[in-house]
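All values reported here derive from a predicted model rather than from experimental measurement. Throughout, a chain's letter reflects where its sequence line sits, starting with A, and its residues are numbered from 1.
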Number of protein chains: 2
Amino acid sequence: MQQLPLTISEEWKGFMHLFKEEKYAAKKILLREGEVSKKAFYILKGCIRLWFNNDGKDVTFQFFFEDEGVSSVESFKTGQPSLFNIETIEPSVILSISKKVFFHILDSSPIIKNSIEETYFKRMIFYQKLFLSRIKDNPKKRYEDLLEHYPQILQRVPQHYIASYLGITPVSLSRIRNRN
Amino acid sequence: MQQLPLTISEEWKGFMHLFKEEKYAAKKILLREGEVSKKAFYILKGCIRLWFNNDGKDVTFQFFFEDEGVSSVESFKTGQPSLFNIETIEPSVILSISKKVFFHILDSSPIIKNSIEETYFKRMIFYQKLFLSRIKDNPKKRYEDLLEHYPQILQRVPQHYIASYLGITPVSLSRIRNRN
DNA sequence: CTGATTTCTTAACAATTGTTATCGTTTTTA
DNA sequence: TAAAAACGATAACAATTGTTAAGAAATCAG
């Protein structure tokens with residue numbers, strides 16, 4: 001969906017053996033809010049959400065599906081505690097890589113290093129656009145955009161997560177859906 | 001405020017003669033939405049807002065003040081049309097630099113190149129946080145955060161720009177302010 | 001200095017969303 | 001498979017925000 005995959009380019013293939021394949025049940029937390037990220041992930045099968053605790057309320061703010069890279073980027077890179085949880089929604093098959101190995105790959109391949117930096121840049125633009133959609137659109141419009149551009153999300157993700165993602169309550173989302 | 005300055009480190013000083021100092025009146029557009037960015041800016045005095053036209057409505061989404069770098073990053077870097085306008089709010093004194101010279105500096109100084117890439121990374125985190133505040137907080141809370149963390153904005157920027165930035169109408173902002 | 005514009009407030013009403021609670025239905029788990 | 005938990009729809013009412021309009025105050029421009 002709105003996520004930029006960790007491109008498995010030709011270049012990456014030479015390093016694939018350094019990834020570890022892991023299977024997780026649904027609702028498994030891969031990284032807990034407040035902890036320091038030690039691994040980055042790549043989804044082979046399944047889906048994941050990012051969420052954090054906001055005064056006792058579970059706030060979901062991003063979804064990831066097959067062939068997308070997921071991590072708490074700033075925690076993974078800088079060693080700060082993660083601001084959010086990374087949690088499976090469905091049972092999932094994940095490739096994981098340690099910090100040490102990841103940065104070793106970056107050092108040994110300028111091509112990959114470059115592509116990762118490009119990824120930071122693109123992700124910045126992505127978040128800028130997400131932020132803009134919050135400013136310009138009301139919840140109903142944001143729901144319709146989601147319906148138009150990422151219908152798969154609505155089919156795979158429980159509705160109250162989506163409500164949270166849209167910035168409204170589950171009740172309000174249910175109303176919007178049944179208002180034609 | 002919430003912007004990451006283009007750090008004028010020691011390293012930068014050797015290149016300062018390549019910048020051009022320009023003076024602008026209030027409400028001057030430095031880059032128009034839809035045009036390709038040819039210059040990046042650094043504010044010596046004054047302030048600037050970023051805004052775009054949304055169905056005829058003027059939507060402001062970021063403010064910049066003294067000692068901050070401003071540009072339509074993705075347009076400046078990739079040559080795509082800018083998604084927004086860059087406009088002075090007050091009469092301003094600006095350092096400007098052309099694309100050609102800017103990237104020449106990046107090529108001649110690995111230190112600066114590195115710091116710019118670091119800037120992309122930090123700006124990504126910045127936009128991520130902005131986006132999160134849209135999800136977790138209601139307009140009133142966002143106004144109070146602004147009041148607490150960036151009181152200078154409220155003193156220097158017209159209120160309807162701030163309302164737009166907070167994602168509400170000027171009328172609603174006026175009500176929030178006068179509701180104690 | 002004066003008329004025009006911009007900026008902010010307030011009012012009245014409509015529309016939307018939040019809150020709380022209830023009730024089937026589906027899914028999970030022991 | 002049976003009990004428990006999760007999920008989604010709906011209702012009733014409160015609170016918030018949007019819309020439109022009018023008017024006062026401040027600022028700008030000639």
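Checked against A:Arg49 for a side-chain hydrogen bond (donor to acceptor under 3.5 Å, both in side chains), the options A:Thr88, A:Thr60, A:Asn85 give a single hit: A:Thr60.
Residue pairs satisfying the salt bridge (Lys or Arg N to Asp or Glu O under 4.0 Å) criterion with at least one member in residues 146-155 of chain A, sequence neighbours excluded, are absent.
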Inset, instruction - Summarise protein proximity over nucleotides 5-23 of chain D in one line of letters, 5' to 3': B for base, S for sugar-phosphate only, - for none, counting protein heavy atoms closer than 4.0 Å. - result: -SSSBBBB----BBBB---
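One N or O on the side chain of A:Ser108 and one on the backbone of A:His104 form a donor-acceptor pair closer than 3.5 Å.
A distance below 6.0 Å separates the ring centres of B:Phe102 and B:Phe76.
The closest side-chain donor-acceptor pair between B:Ser72 and B:Ser82 falls under 3.5 angstrom.
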